[in-house]
Amino acid sequence: MFGCLVAGRLVQTAAQQVAEDKFVFDLPDYESINHVVVFMLGTVPFPEGMGGSVYFCFPDENGVAVWQLLGFVTNEKPSAIFKISGLKSGKGSQHPFGAMSIPQVPSVAQIGISVELLELLAQQTPVASAAVSSVNSFTEFTQKMLDNFYNFASSFAVTQAQMTPNPSEAFIPANVVLKWYENFQRRLTQNPFFWKT
């Protein structure tokens, strides 16, 4: 039903079922992991009105399991990317895996998925630092990149009188770059994903 992916490693699709509604993936050498992707395989959807809360579990310095809520997946949102590099220290949160005896091995963390009502998922608050790129951060990055490119290109602007003829170089009028910059900004404001079409 679920898959788990860490960059540079094999995709895991065989989650260990630890209860009727709970699944766990082991993450060996978790200290070297920055991001993890949790996704539905598409073979079995959630029952109507259900989704899966996603947790990250790691052993603290005493070997005690620390669980932190990352977010969720649903039939409408079948995958999610979570940043776990900043979670390797800190406090745990309330979780549904407490009564289970899931063995903790040093340097092995787990991703836990708990099937729950969508109403309960909406009331949960994930660890803030687990969130990865959103439209806002993508838009902000793109805006900074546009500004940087425009400033860089503009720093080479010269007037026609200052130009030295060179047959091997092509010149782009600064107003063309400015027009592209303004059009790109406008389209990005209207739809941050316009470039995907």
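Just so it is clear, the model here is predicted, and its values are computed rather than measured.
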- Query: Is the count of non-hydrogen atoms from other residues, nucleotides or ligands lying under 6.0 Å from Phe152 atom CZ greater than 12?
  - Reply: no

- Under a single-linkage definition using a 4.5 Å side-chain heavy-atom cutoff for Ile, Leu, Val, Met, Phe, Trp and Tyr, are Met1 and Ile111 assigned to the same hydrophobic cluster? yes

- Do Asp21 and Met50 come close enough that some side-chain heavy atom pair is under 4.5 Å? no

- Query: Below 4.5 Å, heavy atoms only, C-beta onward: do Val108 and Tyr30 meet side chain to side chain?
  - Reply: no

- Task: Tell me, yes or no, whether the heavy-atom count around Gln190 atom CD, taken from other residues, nucleotides or ligands under 6.0 Å, exceeds 12.
- Result: yes

- Between Gln16 and Gln110, is any side-chain donor less than 3.5 angstrom from a side-chain acceptor? no

- Query: Do the non-hydrogen side-chain atoms of Leu5 and Phe39 ever get within less than 4.5 Å of each other?
  - Reply: yes

- Set of side chain to side chain donor-acceptor pair (under 3.5 Å) partners for Gln17, sequence neighbours left out: none

- Student check: side-chain heavy atoms of Ile84 and His35 closer than 4.5 Å: no

- Heavy-atom distance under 4.5 Å between the side chains of Val54 and Phe82, does that happen here? yes

- Message: Counting C-beta onward and ignoring hydrogens, is there a side-chain heavy-atom pair between Ile113 and Val38 closer than 4.5 Å?
- Response: yes

- Message: Would you say Phe171 ends up clustered with Phe156 if hydrophobic residues are merged whenever their side chains have heavy atoms under 4.5 Å apart, either directly or through other cluster members?
- Response: no

- Answer yes if the ring centres of Phe72 and Tyr55 are under 6.0 angstrom apart, and no otherwise. no

- Quick one: does Val73's side chain get under 4.5 Å of Ser79's, heavy atoms only? no

- Could you go step by step and tell me if Phe56 and Phe25 meet the ring-ring contact (aromatic ring centres under 6.0 Å, His included) rule? CA-CA 10 Å; Phe56 175 62; Phe25 289 101; over 10 Å; no

- Under 3.5 Å, side chain of Asn34 to main-chain N/O of Ser85, donor-acceptor pair present? no

- Message: Assigning hydrophobic clusters by single linkage (Ile, Leu, Val, Met, Phe, Trp, Tyr; side-chain heavy-atom cutoff under 4.5 Å), is Leu121 placed with Leu70?
- Response: no

- side chain to side chain donor-acceptor pair (under 3.5 Å) with Arg9: which residues, sequence neighbours excluded? Ser32

- Where does the angle between the aromatic ring planes of Phe149 and Trp180 fall among parallel (under 30°), tilted (30 to 60°) and perpendicular (over 60°)? perpendicular

- Query: Residues two or more places apart in sequence or in another chain: which of them pass side chain to side chain donor-acceptor pair (under 3.5 Å) with Gln162?
  - Reply: Thr159

- Does the side chain to side chain contact (heavy atoms under 4.5 Å, CB included) test come out yes or no for Cys4 and Val11, once each step is laid out? CA-CA 6 Å; Cys4 181; Val11 175; over 6 Å; no

- Indicate if Leu117 and Val44 have the same hydrophobic cluster label, given that clusters are the connected sets of ILVMFWY residues with side-chain heavy-atom separations under 4.5 angstrom. yes

- Query: Counting only heavy atoms not in Lys179, do more than 12 sit closer than 6.0 Å to its NZ atom?
  - Reply: no

- Query: After noting the C-alpha distance and the side-chain angles of Val177 and Tyr150, does the key distance pass the side chain to side chain contact (heavy atoms under 4.5 Å, CB included) rule?
  - Reply: CA-CA 7 Å; Val177 175; Tyr150 181 75; 3.9 Å; yes

